[in-house]
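Nothing here was measured: the structure is a model prediction, and the numbers come from that model. Every number for a ligand or one of its atoms is a count from 1 in the order of the listing.
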Amino acid sequence: MRTMGLNRLDLVAPERFPHREADAMAAGADDVLAGARIFDTLAAAVADCRWVMGCTARRRSVAMDEYPPDAAARRILGATAQGPAALVFGRERTGLSNEELMLCHAAVHIPSVEDFSSLNLAAAVQVLAWELRRESLAQVQEDAPAPGPVPDEPPASAAQMEGLFEHLAQTLDDIDFHKGRAPDRVMRRLRQLLLRAQPDQREVRVLRGIFSDAQRMARLARGPGSAE
Ligand code: SAH
């Protein structure tokens, strides 16, 4: 990653860190390891990010936008104009869990052959790091277009989006939207819809205001005898 101009490494619950093997493999890029930040959970690691992409070797049943590496690199570089963006990689043996992937706003898949799709972690990182490098070189060459007008309201962070989704899930329960059907599927679709819209912080506040009112009306409809 250092060779491609990437410096910020965040590690989630590493088994061993620091470790002399990692130091040896870094082959002089000690500054990246020394500056690595450690988090207990992926949610905490990406909390301040505006845009989060999860790299996965498997095509999941999870309905989620999926980008090839070059489009992902363009999307990430575009997003960094607004704030930090993250590229998330999974464990060498087991990859990312579905829960971890759901914390990502879109997936990245290197179109490897279908019956042998999984690259080693370091190789996958290099493919994406190279695409980011290539795209940033291309943008410099094209004399990158001036960034658009500065938005008056900052985009919502990943943590704020998670707060919104929790509130939405609770509201759907409260208004009995599911009627016995499994809530996961519709929540996944709504997540993708809202992430695609990239709401700003004011829009998230408005949506949460609507949810709060819906919850209040649901309480009223249940009547004064209701415990919840
Ligand atoms: N058995 C795991 C593979 C883990 S490979 C699985 O099926 O998910 C380690 C990591 O490298 C993955 O979590 C992913 O982040 C990345 N990776 C490997 N192959 C990839 C591919 N074809 N496209 C995108 N990312 C890939």
Give a yes or no on whether a salt bridge exists between D31 and R2, defined as a side-chain N under 4.0 angstrom from a carboxylate O.
yes

Before accepting this row, confirm whether a basic side-chain N of the pair R75/E135 lies closer than 4.0 Å to the acidic partner's carboxylate O.
no

Proximal candidate to [atom] [heavy atom criterion; set [options]]:
atom: atom 5 (S) of ligand 1; options: L119, L121, V125; value: L119
atom: atom 6 (C) of ligand 1; options: E92, R91, R58; value: R58
atom: atom 1 (N) of ligand 1; options: E66, E100, R93; value: R93
atom: atom 20 (C) of ligand 1; options: G54, A57, A107; value: A57

Going by the order shown, which atoms of ligand 1 are within less than 4.0 Å of some heavy atom of [X]?
X: G95; answer: 2 (C), 4 (C), 8 (O), 13 (O)
X: A124; answer: 11 (O), 16 (C), 17 (N), 18 (C), 26 (C)
X: S118; answer: 3 (C), 4 (C), 5 (S), 19 (N)
X: V108; answer: 24 (C)
X: S112; answer: 22 (N)

May I ask you to check if ligand 1 and [X] share an N or O to N or O distance below 3.5 Å?
X: T56; result: yes
X: V88; result: no
X: F89; result: no

Which salt bridge (charged side-chain N to carboxylate O under 4.0 Å, His left out) pairs, counting each pair once, include a residue from residues 8-20, with sequence neighbours left out?
R8-D10, R8-D48, D10-R37

Full working for side-chain contact (heavy atoms from CB on, under 4.5 Å) between V108 and V88:
CA-CA 9 Å; V108 185; V88 180; over 6 Å; no

side-chain contact (heavy atoms from CB on, under 4.5 Å) partners for R208, two or more places apart:
L164, H167, V204

Hey, are the side chains of R134 and L137 touching, using non-hydrogen atoms and a 4.5 Å cut-off?
no

Any donor-acceptor pair under 3.5 Å linking the side-chain atoms of S117 with those of E114?
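The answer is no; no qualifying pair exists.
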
For ligand 1, note which part of S117 has a heavy atom under 4.0 Å away: side chain, backbone, both or neither.
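Looking at S117 and ligand 1, just backbone atoms fall under 4.0 Å.
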
Within 45° of the axis and under 6.0 Å from the centre of the six-membered ring of F177, does NZ or CZ of R181 qualify?
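Cation-pi check for R181 and F177: passes.
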
Looking at E153, I'd like to know if its CD atom is crowded, meaning that more than 12 non-hydrogen atoms belonging to other residues, nucleotides or ligands lie closer than 6.0 Å.
yes

